[in-house]
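All remarks here apply to the structure that follows.
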Amino acid sequence: MCYGISICFPTLQISKDEKFIFCTCGTRVNVLQIVTGKIVHSIEQDDQEDITSFALSLDDEILVTASKALLLKQWDWKQAQCTRSWRAIHNVPIASMTFDPTSTLLATGGCDGTIKLWDVVKQYCTHNLKGSSGVVHLVEFHPDISLLQLFSSASDCGIRMWDLRSSQCLCVLQSHYSPVTSLAFTSDGASMVSSGRDKICTVWDLKSRTTRRTVPVYEAVESVVLLPEDEDFSEIGVKTKEIHFITAGSKGVLRVWDASSARCVFAQTLPSAPPAGGSEEGGEEYGDPRSLTYCLPLPSSLRLVTVTAEHNILLYQLPSFTTQQQFVGFNDEVLDVKFLGKGDTHIVVATNSSQLKVFELATSSCKILYGHTDTVLSLDVFKKGSLFVSCAKDKSVRVWRQDPDSGQVCCVAQGCSHGNAVGSITCSRMKESFVVSGSQDCTIKVWDLPETIPETDGDMFQLNARVTEKAHDKDVNSVAVSPNDKLLVSGSQDRLAKLWSLGAPGADLALLGVFRGHRRGVWCVQFSPMDQVLASSSADGSVKLWSLQDFSCLKTFEGHDASVLKLIFVSRGTQLLTSGSDGLVKLWTIKTNECVKTLDAHQDKVWGLHATRKDDRVVTASADSNITVWTDVTEVEQAEEQAKQEDQILKKQELSNLLHEKKFLKALGLAISLDQPHTVLKVIKAIRQGEDGAKQLEKTVLKLRQDQKESMLRYCAVWNTNARSCLDAQAVIQVMLTHLSPEELLQYQGARAHLEGLIPYTERHMQRIGRLLQASMFLDYMWQKMRVTGAPASMDSQDEEMDTASLQVPHSLFMIDKRPGEGGDGTREQGDGEERWNEGEVEEDGGLEEDTNCPANMEDDDDEVSITRKASVRGQREENGQNGKENGNHRSGSEESSGEEDQGDQTG
């Protein structure tokens, strides 16, 4: 949350339902919600030119802005959208504009002395009124639209009445000797009240166009508002039905005047404030920061809105004129900020001014505290949260009390004895017993508080310094009290931090030790709430942790690129939070010396840094005028992560159940909702592996919603890059391309990119499958042509023989049987459809060319082995013959012819 973002108020308007305030701020118009105090819309110019004027129609439908770029823009402010823009015919920027009661005509007054009227419905310029001299800073329609009259005022101090039927100036009402600032019409339209900076208000009779009464108000008046005639304002001295009006001007006081008697019947009472500097006249007009620059009525709720010279908006309730709400538009440079209140419901802010501002965090409503006469530099809050202290350049120290029920704040004590500006202040931690201040006069002072602190500012207590100590050689930048109220530490521009003993009440300060190590001035010092250590930050960009026992440096934290201005301990002393001139706020873990978080929300020096007593929120304030409240979301994030994990587990279990029950559509939808492509792939594989997988996949994919199909297409583009999942991706893509038209597919988000990404990987997969197919065909070919002859390893290679007839049998496998005696008769019976082997084969083998080197006995052995092998082969063929009978006769004709040739040779 941010508070006090620059909200300038040169002009201001209220919506008809009185819920929103419209105000300009540079290049944008901010829409402020009155109830919450938050900006709900920010309407910004595209040309980045400052807005010179704007107007809101009476029906709250149209907002028109004018910028220095000489453009008029029409906005739908509820949507923050520009609906129309056109060039203004003015040659110079527009200074004022207003709508008529019907919200159809728009009048614009330029710095060139011309007035132009626009029909915003038909979108054309209807009138061009000339005759004014100088800047036309005020235009107003007569409330009776049937008269078609327009009133304007320019630098010539006159009020011109224009007849829109003839585009002529009917008359010039002369009464003021300075620019006219506002006009207010009675309900019947017969009279008008004008105000000016010449310290008078004039009541006009519009029928006779003459002056009825001139009322001296003795201040420069910026706005005048008529009191409603049908309300009872006897409480503020209104006893007649004559015209009564409210003035807002340089004195900052709202006053009610009786037009008939020219008397002030009521004057608002303001809290005491220091007198403004300068001459009496100049002080009235320009010196008082509370001088009023704008005033508007809220007739429905009987309230009044005013704008001060410091850009503060105040809402008053009539007829009591009590302050209902206050919004701060501009904070300037924020120097310090602290949480305030029993439940840390408020913050107190020290800006580059003599006033303190107390914000209510829930509504952004603000109370301004007057007391100091120069810039407030530092703040601190007592433990209970209702009492706080401040110090300023006016060499004074003040104690303030907030009423826990009403929220009202008043100054209850003050002390003035420093010789120079007081730059730092701190208070006791255990009881509301004393205050310690450090000044640019190099001294530290201890101020004792009374046992009974006054409740109101009427009994303000004067503080007296109990102890004054010349502590450093240069400015004292920071002071801090230990949690037990026994120790005090001070940090100075002389690069030193010193530890002091506060001792018993009434005792002097005693120096215990000096902490040396920083290369530049020390900006801030703080005690740890748990351990016997303290931390210091310096302009050298470092933060050091010191031991209170031996004054040695325990740790050094480096990470800021510039001066470290403030530091605090958080998380029960286990972490440090620091802010610097680089606009960064850093969170450090002391145990590991690690910066675990960097918060970047400011554009300038972060002077203010404070945490709540529960350490659940932190507030930062910067020289960029922004105040930011940070919330610790560690526990929330952990709870969300745990809930997310539990939800994931439940969904995975539900997904498993759906797959088991074969509810593929629900399973696929659940997997897509989890946004886990791997889980979706598992579901796809489960669908394809089931019975009739292709049809089931097609049925499931086509029943998905469009957004789910978009996710499937995105997943397929990823799956297709992997050879293991490409088949599943191609199956899903086939379903989509088969049943969805190209036009429908292209409507899917990112469909074109996904489809283009599918093409190269699909081509690569096709090439891979082609190579695999070729390799498998070659293997089949080799299997068809190759004959494998095997033998046990124990057999001698010379004993192995190959049957030449087997080369003609493509599917036979020959085995050598070492067992003798089987098939000794040398014959095999001929089976159905099989070849018959007999002893002629042995004779054929014996008839081969003999080796002369082979002895006779080896020949006999070979014959025996050959016969044994033939018997083994014969038994194997009988088994193959039985299998052949079951599978049918599949021998080739070549085998049969080979058998016939063998038999013919044997017979021959």
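Values below: every heavy atom of this structure, side chains too, minus hydrogens, waters and symmetry copies.
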Q) Are any of the side-chain heavy atoms of T345 and L340 separated by less than 4.5 Å? A) no

Q) Closest heavy-atom contact between L129 and L164? A) CD1-CD2, 4.3 Å

(Q) Salt bridge or not between E333 and K605? Use side-chain N to carboxylate O under 4.0 Å. (A) no

Q: Evaluate the side-chain proximity of I347 to V358: yes if any heavy-atom separation is below 4.5 Å, no if none is.
A: no

(Q) One thing to verify: whether R160 and D156 come together as a salt bridge, which I'm taking to mean a side-chain N less than 4.0 angstrom from a carboxylate O. (A) yes

**Q.** salt bridge (Lys or Arg N to Asp or Glu O under 4.0 Å) pairs, two or more places apart, involving residues 116-125
**A.** none

Q: For the residue pair T620 and V337, establish whether any side-chain heavy-atom pair is separated by less than 4.5 Å.
A: no

Q: Considering non-hydrogen atoms only, spot the tightest contact between S96 and V139 and give its length.
A: OG-CG2, 3.7 Å

Q) Taking atom types as modelled, is there a side-chain donor on S365 or E360 under 3.5 Å from an acceptor on the other? A) no

Q: Please determine if R255 and E219 form a salt bridge, counting it only when a charged side-chain N lies under 4.0 Å from a carboxylate O.
A: yes

Q | Residues forming a side-chain contact (heavy atoms from CB on, under 4.5 Å) with S378, sequence neighbours excluded | A | D336, C391, I425

Q | I14 CD1 to L12 CG distance, which is reported to the nearest 0.5 Å | A | 5.0 Å

Q.
How long is the straight-line distance from NE2 of H127 back to SG of C125, given to the nearest 0.5 Å?
A. 9.0 Å

Q) Can you find a pair of side-chain heavy atoms, one from H244 and one from L226, that are under 4.5 Å apart? A) no

Q. When you measure from the side chain of S153 to the backbone N and O of T181, does any donor-acceptor pair fall under 3.5 Å?
A. no

Q.
Test side chain to side chain contact (heavy atoms under 4.5 Å, CB included) on L138 and V136; report intermediate values, then the result.
A. CA-CA 6 Å; L138 180 64; V136 181; over 6 Å; no

Q) Would you find a donor on one side and an acceptor on the other, under 3.5 Å apart, between the side chain of H346 and the backbone of G407? A) no

Q. Looking only at side chains, do S320 and Q317 share a donor and an acceptor under 3.5 Å apart?
A. no

Q) So, do L296 and S223 sit near enough that their side-chain heavy atoms are less than 4.5 Å apart? A) no

Q: Using the test side chain to side chain donor-acceptor pair (under 3.5 Å), find all partners of T186 that sit at least two apart in sequence or belong to another chain.
A: D188

Q. When rounded to the nearest 0.5 angstrom, what distance separates CG in L105 from CG in L150?
A. 9.5 Å

Q: Kindly assign one of parallel, tilted or perpendicular to the pair F339 and H610, based on the angle between their ring planes and the thresholds 30° and 60°.
A: tilted

Q: State which residues pass ring-ring contact (aromatic ring centres under 6.0 Å, His included) with W75; sequence neighbours excluded, sorted by chain then number.
A: none

(Q) According to salt bridge (Lys or Arg N to Asp or Glu O under 4.0 Å), who are the partners of K357, at least two apart in sequence or on a separate chain? (A) none

**Q.** Donor-acceptor pair between S182 and S195 side chains, under 3.5 angstrom
**A.** yes

**Q.** All side-chain contact (heavy atoms from CB on, under 4.5 Å) counterparts of A392, not counting sequence neighbours
**A.** H372, V376, D394

Q. Quick check: does any side chain N or O of Q13 sit under 3.5 Å from a backbone N or O of L56, one acting as donor and the other as acceptor?
A. yes

Q.
Show, in sequence, the C-alpha distance, side-chain angles and deciding distance for W162 and S152, and conclude whether the side chain to side chain donor-acceptor pair (under 3.5 Å) test is met.
A. CA-CA 8 Å; W162 301 87; S152 67; 2.9 Å; yes

(Q) Salt bridge check, D59 against K16: does any charged N sit closer than 4.0 Å to a carboxylate O? (A) no

Q | Any donor-acceptor pair under 3.5 Å from S132 side chain to T114 backbone | A | no

(Q) Which heavy atom of S103 sits nearest to which heavy atom of I62, and what is that distance? (A) O-CD1, 4.4 Å

Q) Less than 4.5 Å apart, any side-chain heavy atom of H41 and any of N30? A) no

Q: Spell out, as yes or no, whether a donor-acceptor pair under 3.5 Å connects the side chain of Q325 to the backbone of I34.
A: yes

Q: Ignoring hydrogens and angles, tell me if any N or O in the side chain of D100 forms a donor-acceptor pair with the backbone of T104 under 3.5 Å.
A: yes

Q. Is the side chain of H142 donor-acceptor paired with the backbone N or O of G189 at a distance under 3.5 Å, no angle test?
A. yes

Q.
Test side chain to side chain contact (heavy atoms under 4.5 Å, CB included) on F54 and L63; report intermediate values, then the result.
A. CA-CA 7 Å; F54 78 96; L63 177 70; 3.6 Å; yes

Q: For S155 and V135, indicate whether the former's side chain and the latter's backbone hold a donor-acceptor pair under 3.5 Å.
A: yes

**Q.** Smallest separation among heavy atoms of H90 and G109, with atom names
**A.** CE1-C, 4.3 Å

Q. Hey, does the side chain of R617 reach the backbone of D344 with a donor-acceptor pair shorter than 3.5 angstrom?
A. yes

Q: Measure the spacing between OG1 of T83 and NZ of K73 and express it to the nearest 0.5 Å.
A: 10.0 Å

Q: Answer yes or no: is there a side-chain heavy-atom contact under 4.5 Å between L117 and F141?
A: yes

Q | CG on D624 to OG on S622, rounded to 0.5 Å | A | 3.5 Å

Q.
Set out, in order, the CA-CA distance, both residues' side-chain angles and the distance that settles side chain to side chain contact (heavy atoms under 4.5 Å, CB included) for K38 and T363, then state yes or no.
A. CA-CA 8 Å; K38 296 180 180 179; T363 63; over 6 Å; no

(Q) How long is the straight-line distance from CD of E49 back to CG of L71, given to the nearest 0.5 Å? (A) 9.0 Å

(Q) Which label fits W400 and F388: parallel for a plane angle under 30°, tilted from 30 to 60°, or perpendicular past 60°? (A) parallel

Q: Taking the side chain as every heavy atom from C-beta outward, state whether L314 and F327 have any atom pair closer than 4.5 Å.
A: no

Q. Is it the case that K586 and T578 place a side-chain donor and acceptor less than 3.5 Å from each other?
A. no

Q. Quick one: are the ring centres of W257 and F266 less than 6.0 Å apart?
A. no

Q) Given the rule in the side chain to side chain contact (heavy atoms under 4.5 Å, CB included) test, do L609 and V618 qualify, once you have shown the distances and angles that lead to the verdict? A) CA-CA 7 Å; L609 179 65; V618 172; 3.7 Å; yes

Q) Is there a donor-acceptor pair closer than 3.5 Å between any side-chain N or O of T612 and the backbone N or O of D616? A) yes

